[in-house]
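All figures in this text were calculated on a predicted structure; none of them were measured in a lab. Hydrogens, waters and symmetry mates are skipped; everything else that's a heavy atom, side chains included, is used. We're numbering straight along the sequence, starting at 1.
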Amino acid sequence: MTQQKSGQLHPSWLAVIGDELEKPYMQALRHFLKQEKAAGKVIFPPSPLIFNAFNHTPFEQVRVVIIGQDPYHGLDKGQPQAHGLSFSVPHGIAQPPSLVNIFKEISSDLGIKMSRNGDLTSWADQGVLLLNATLTVEQSNAGAHQGKGWESFTDAAISALNAHREGLVFVLWGSYAQKKGAFIDEKKHLVLKSVHPSPLSAHRGFFGNRQFSTINQYLIRQGKTPIDWQI
């Protein structure tokens, strides 16, 4: 998928949620981010990758939505872990614990061996929107950009998918994602819920949920190509 210019949103998304970019909350958010950078704070992901999820998965190509909360806020080998896709890290970066557990469940569910590459871009390019509720974070300061406006923007994206598409799969892991997706029309879409894949909760129902095979079975029933989850 062709990347947009730095900080720009894919035209397919501009058509449905572009108006959000001009609303007061987004203007305030841009001002906040500009001030943070001027104060010398390091913000992840890098600016060109803030809208990475949208740019790899155009609106009309979305088939599955996996909702995360915040971008990763750390470095590995001197490189940011965050690259604009929920749960994903760039190639060569160590897999965070939640991603390790996601891969364990895929291996158990589908019988495929996952690599040590934690880059989920191939999922995004197949129509899996890897959407964090908040699209930026300050280095080493988890949740620093919550409540600054991103949640309204990502709510608008989910609302547009809910309203204007049919037969999507929304994957809501943990209470935060489930609250964010509470308004999704379950008559139009498949909504899959479980505890979060975090090591703190994965053993309480994430392992064994078999949601990856469930997603593919649902897509196949609609005559759609299943997702190749192999990394």
### Query
Counting only N and O atoms by type, is there a donor-acceptor contact under 3.5 Å from the side chain of E138 to the main-chain atoms of K41?
no
### Task
Would you please say whether a donor-acceptor pair under 3.5 Å links the side chains of S213 and D109?
yes
#### Entry: Flag, side chain of E36 to backbone of I43, donor-acceptor distance under 3.5 Å
no
### Query
Are the aromatic rings of F87 and F103 close, with centres under 6.0 Å apart?
no
### Query
Could you walk me through whether H73 and S140 pass the side-chain hydrogen bond (donor to acceptor under 3.5 Å, both in side chains) check?
CA-CA 5 Å; H73 58 83; S140 304; 5.0 Å; no
### Message
When you measure from the side chain of S86 to the backbone of I66, do you find a donor-acceptor pair of N or O atoms at a distance under 3.5 Å?
### Response
yes
#### Entry: Evaluation steps, side-chain contact (heavy atoms from CB on, under 4.5 Å), between V64 and L168
CA-CA 6 Å; V64 180; L168 303 183; over 6 Å; no
### Message
Could you go through I215 and L192, starting from their C-alpha distance and side-chain angles, then the distance that decides it, and tell me whether this counts as side-chain contact (heavy atoms from CB on, under 4.5 Å)?
### Response
CA-CA 9 Å; I215 291 167; L192 298 178; 3.7 Å; yes
### Message
Would L14 and F59 count as a side-chain contact (heavy atoms from CB on, under 4.5 Å) here? Give the steps.
### Response
CA-CA 9 Å; L14 280 173; F59 181 78; over 6 Å; no
### Task
Step through it carefully: locate the ring centre of F170, locate the ring centre of H189, and say whether they are under 6.0 Å apart.
yes
### Query
Looking at E60 and S12, what are the two nearest heavy atoms and their distance?
OE1-CB, 3.2 Å
### Query
Given the rule in the ring pair (Phe, Tyr, Trp, His ring centres under 6.0 Å) test, do Y25 and F32 qualify, once you have shown the distances and angles that lead to the verdict?
CA-CA 10 Å; Y25 80 86; F32 166 74; over 10 Å; no
### Query
Would you say Q126's side chain and T57's backbone share a donor-acceptor pair under 3.5 angstrom?
no
### Task
List, by chain and number, the other hydrophobic cluster members for V137, where Ile, Leu, Val, Met, Phe, Trp and Tyr join if side-chain heavy atoms come within less than 4.5 Å, directly or indirectly.
V42, F44, L75
### Message
I'd like to know whether NZ of K77 has more than 12 heavy-atom contacts from other residues, nucleotides or ligands below 6.0 angstrom.
### Response
yes
### Message
If I compare all heavy atoms of S198 with all of N101, which pair ends up nearest, and what's the gap?
### Response
C-ND2, 3.9 Å
### Non-hydrogen atoms of S88 and T121 that approach each other most closely
OG-N, 4.5 Å
### Message
With rounding to the nearest 0.5 angstrom, report the CG to CD distance, L190 to Q222.
### Response
8.5 Å
### Query
Under 6.0 Å from the CZ atom of R30, do we count more than 12 heavy atoms belonging to anything else shown?
yes
### Task
Would you please classify the geometry between the F206 ring and the W173 ring as parallel, tilted or perpendicular, with 30° and 60° separating the classes?
perpendicular
### Query
Under the 3.5 angstrom rule, does the side chain of N162 hit a backbone N or O of D185 as a donor-acceptor pair?
yes
### Query
Between Y72 and H83, is the gap from one ring center to the other below 6.0 Å?
no
### Query
Checking S115 side chain against N117 main chain: does a donor-acceptor pair fall under 3.5 Å?
yes
### Message
Whether the side chain of K188 engages the backbone of A163 through a donor-acceptor N/O pair (distance < 3.5 Å, no angle test) should be reported.
### Response
yes
#### Entry: Backbone N/O of I112 and side chain of S107: donor-acceptor pair under 3.5 Å
yes
### Query
Can you check side-chain hydrogen bond (donor to acceptor under 3.5 Å, both in side chains) on K37 and S47, steps first, answer last?
CA-CA 11 Å; K37 289 179 181 178; S47 292; 2.7 Å; yes
### Query
Would a distance-only check, ignoring hydrogens and angles, find a side-chain to backbone donor-acceptor pair under 3.5 Å from N55 to H10?
yes
### Task
Give a yes or no on this: more than 12 heavy atoms of other residues, nucleotides or ligands lie within 6.0 Å of atom NZ of K224.
yes
### Query
Any side-chain donor-acceptor pair under 3.5 Å between Q69 and N132?
no
### Message
Determine whether T134 and K148 satisfy the following criterion, side-chain hydrogen bond (donor to acceptor under 3.5 Å, both in side chains), listing intermediate values before the conclusion.
### Response
CA-CA 9 Å; T134 303; K148 302 296 184 182; over 6 Å; no
### Task
Please check if the side chain of N52 supplies one atom and the backbone of L85 the other of a donor-acceptor pair under 3.5 Å.
no
